[in-house]
Amino acid sequence: MDFDAVYYEPASLSFELGKQLKEQFYDLPWIPIENHNSIEEMREKENSEFSKMKRNLIVGTRKTHKYVENHKVSDYLVPYTSSGCTAMCLYCYLVCNYNKCAYLRLFVNREQMLDRLIKKSKNSEIPLTFEIGSNSDLVLENTITNNLLYTIPRFAEEGAGSLTFPTKFHMVDSLLDLPHKGKVIFRMSVNPQRLISRIELGTSSLEKRIEAVNRMCEAGYPCGLLIAPVMLVDGWKAMYTELLEQLRDDLTEKAQKQMFLEIIMMTYSYVHRAINSEAFPNALDLYDKQLMTGRGRGRYCYRPEARAEAEEFLRSEIKRILGNVKILYIS
Ligand code: SF4
């Protein structure tokens, strides 16, 4: 991964990971900042510079550690070792939170974050599942920090319950031989290749993602798939049918037997429209006035009729093509 510069909080360099990153990126300019949340120089940039801004790496410490209850695949969303990402999915939910500053931020106080997580997991009377990848893509992040190599064996040994994270990347080689004790649920996000190429800019191809799930499943990790986000663009039915057929043909029998599905319909926002129209003027416009409606704070979602049609279509195609695979939810 090529970066142009590293913006860093000086205190990060007293952490082991901070030192490691300094060595790794010794040939880049290191620019001191007061706080990773407010880099004035970045805030002043134009929307059109969005992709250029993604070529910066931000290094700091995470100061807020509030776990948010969640009732889908996990019990809690845990702020973990990074936020943002170097890829540029045109609908990326992080853009709602960080606006054009959705670049990759690495938090070097990982020991503190994992200690806290292990403690919380052990204090519970029932096994809990912690989602650690809701703010970034940990498989991508791991290629820079090795944070999963740090996290998975330690949680497997010392933690109770499970960890889980979703990804759109295939670089799982280094995870295959880790002692995970079945406590880490790997979830791969998939979409039709035509949409990956046009919308999920900078992420792994569908073929590579499928291969990665097969390998993780073979390595004993419990695995799931997210069909997310479902985008109701021209020709969507044919594209999603083709996707399901590809999953049936290319996922191993073992993966198909044990996997579960999560299905999430796309949401979009005024901020996405503003950034995408200036940063990617030739990209497919994901805003569809006919199909979408406002859902407060400048956000849009598909109208109830459109969602109902999509849900019915997907449920029946999944049954026809993949059989009785478990659908955890459609949201
Ligand atoms: Fe956002 Fe995930 Fe895409 Fe990265 S891979 S841009 S975090 S949706």
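Read the numbers this way: they start at 1 and go in the same order the structure lists the ligands and their atoms.
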Worksheet item: Less than 4.0 Å between a side-chain N and a carboxylate O, is that true for Glu311 and Arg307?
Response: no
Worksheet entry | Atoms of protein origin (N, O or S) under 2.8 Å from atom 4 (Fe) of ligand 1 | Cys85 SG
Worksheet item: Does a donor on one side chain and an acceptor on the other come within less than 3.5 Å for Glu111 and Tyr150?
Response: no
Practice prompt. Can you spot which of Met266, Met239, Met231, Lys168 makes a side-chain contact (heavy atoms from CB on, under 4.5 Å) with Asn191?
Written response: Met231
Worksheet item: Do the side-chain N and O atoms of Arg295 and Thr267 include a donor-acceptor pair separated by under 3.5 angstrom?
Response: no
Discussion item. For Gln193 and Ser205: C-alpha separation, side-chain torsions, deciding distance, then whether side chain to side chain contact (heavy atoms under 4.5 Å, CB included) applies.
Written reply: CA-CA 7 Å; Gln193 180 56 51; Ser205 69; 3.6 Å; yes
Worksheet item: Do Asn37 and Arg105 have side-chain atoms, one donor and one acceptor, less than 3.5 Å apart?
Response: yes
